[in-house]
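Everything below concerns the one structure shown next.
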Amino acid sequence: RAQAVRVLCYWRDRVKDPLALLEVQAQDESPRVRLEAVRACSFFKTSKAAEVALTVLDKEADPSKPDYYIQYTLDETMRALGESEQRATALFAQAPDAIFILDGERPHLGRLLAANPAAGDLHATPPDELVGRHLLDFETVSPREALVDALDRVHGGERVRIEISHTRHDGQAVEVA
């Protein structure tokens, strides 16, 4: 089973929802399987991977004193995930293009979770004032139906590229791709 988890790590881009599979393996009876699940999480670079890695502590006899090797692997995984998050945060903040991070789940599908400084510049508004708004709340020059369709397709798991036009509060139209 431990080797199957290692293979899953390397095939993570070919398997549907590998983190869900790793979450099960992080709860396995065998410490070696749990260790491999934690190690595999270090390759994902997402907060969900960190959550999955931490579930290994639920299975330890004494969660405050886990197995030495599992603890070491967990520490290294969390360090790698933290470094990845720091790089992503810096790229997000310094990107010259506007970046909007949207909620992808219903009932808030299309709501802005984050906007970088370039997005704020594009809309002549501080980025934190954009957060919480819905894409459909922006006065849109483009057909709203195209945006609604794109959001539905994203919710269905598709990657979508759509070009729309927003009207800023000062009346100027801006292109958003």
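Residue indices begin at 1 and follow the sequence shown.
Closest of all the heavy-atom pairs between His134 and Arg111 is CD2-N, 3.7 Å. Smallest separation of non-hydrogen atoms from Ala50 and Met78: CB-CE, 3.8 Å. Contact detail for Ala53 and Cys41: the closest heavy-atom pair is N-SG, 3.8 Å. The heavy-atom pair separating Gln172 from Asp170 by the smallest distance is N-OD1, 3.1 Å. The minimum heavy-atom distance between His155 and Arg106, with the atom names listed, is NE2-CG, 3.7 Å.
Grouping Ile, Leu, Val, Met, Phe, Trp and Tyr by side-chain contacts under 4.5 Å, direct or through others, puts Val33 with Val5, Val7, Leu8, Tyr10, Trp11, Val15, Leu19, Leu21, Leu22, Phe44, Val52. Applying the 4.5 Å side-chain rule to ILVMFWY residues, one finds that Val131 remains a lone member of its cluster. The hydrophobic cluster containing Phe43, built from Ile/Leu/Val/Met/Phe/Trp/Tyr side-chain heavy atoms closer than 4.5 Å, comprises no other residue.
Using a 4.5 Å cut-off on side-chain heavy atoms (C-beta onward), Arg6 and Arg39 make contact. Between Arg153 and Arg159 the shortest side-chain heavy-atom distance does not fall below 4.5 Å. Between Leu74 and Leu57 there is a side-chain heavy-atom pair separated by less than 4.5 Å. Counting heavy atoms from C-beta on, the side chains of Glu51 and Thr55 never come closer than 4.5 Å.
Each salt bridge (charged side-chain N to carboxylate O under 4.0 Å, His left out) pair with one or both residues in residues 12-27, not counting sequence neighbours, appears once here: Glu23-Lys48. The salt bridge (charged side-chain N to carboxylate O under 4.0 Å, His left out) contacts involving residues 77-93 comprise Glu76-Arg79, Arg79-Glu83, where partners must be two or more places apart or lie in separate chains.
Residues Leu151 and Leu113 fall into different hydrophobic clusters, defined by Ile, Leu, Val, Met, Phe, Trp and Tyr side chains chained together at heavy-atom separations under 4.5 Å.
Without hydrogens or angle criteria, His108 side chain to Gly132 main chain gives no donor-acceptor distance under 3.5 Å. Here the side chain of Thr73 pairs a donor or acceptor atom with the backbone of Tyr69 at under 3.5 angstrom.
By the salt bridge (charged side-chain N to carboxylate O under 4.0 Å, His left out) test, Asp75 pairs with no residue at all, sequence neighbours left out. Residues passing the side-chain hydrogen bond (donor to acceptor under 3.5 Å, both in side chains) test with Gln25, sequence neighbours excluded: none. Listed by chain and residue number, Lys59 satisfy the side-chain hydrogen bond (donor to acceptor under 3.5 Å, both in side chains) test with Glu29 (two or more places apart in sequence, or in another chain). Contacts of Gln94 classified as side-chain hydrogen bond (donor to acceptor under 3.5 Å, both in side chains), with partners at least two apart in sequence or in another chain: none. Not a single side-chain hydrogen bond (donor to acceptor under 3.5 Å, both in side chains) links Gln86 to another residue, sequence neighbours left out. For Val148, the side-chain contact (heavy atoms from CB on, under 4.5 Å) partners are Leu136, Asp152, not counting sequence neighbours.
The distance from atom CG of Leu130 to atom CG of Leu112, rounded to the nearest 0.5 Å, is 6.5 Å. In this structure, CG in Leu102 is found 8.0 Å from CG in Leu109, a value given to the nearest 0.5 Å.
Applying side chain to side chain contact (heavy atoms under 4.5 Å, CB included) to Thr77 and the options Val38, Val56, Leu54 leaves one that passes, Val38.
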Can you give each donor-acceptor pair under 3.5 Å made by side-chain atoms of residues 114-127, sequence neighbours left out, with the distance rounded to 0.1 Å?
| residue | atom | partner | partner atom | Å |
| --- | --- | --- | --- | --- |
| Asn116 | OD1 | Ile99 | N | 2.9 |
| Asn116 | OD1 | Ala119 | N | 3.0 |
| Asn116 | ND2 | Phe92 | O | 3.2 |
| Asn116 | ND2 | Asp97 | O | 2.9 |
| His123 | NE2 | His166 | ND1 | 3.3 |
| Thr125 | OG1 | His123 | O | 3.0 |

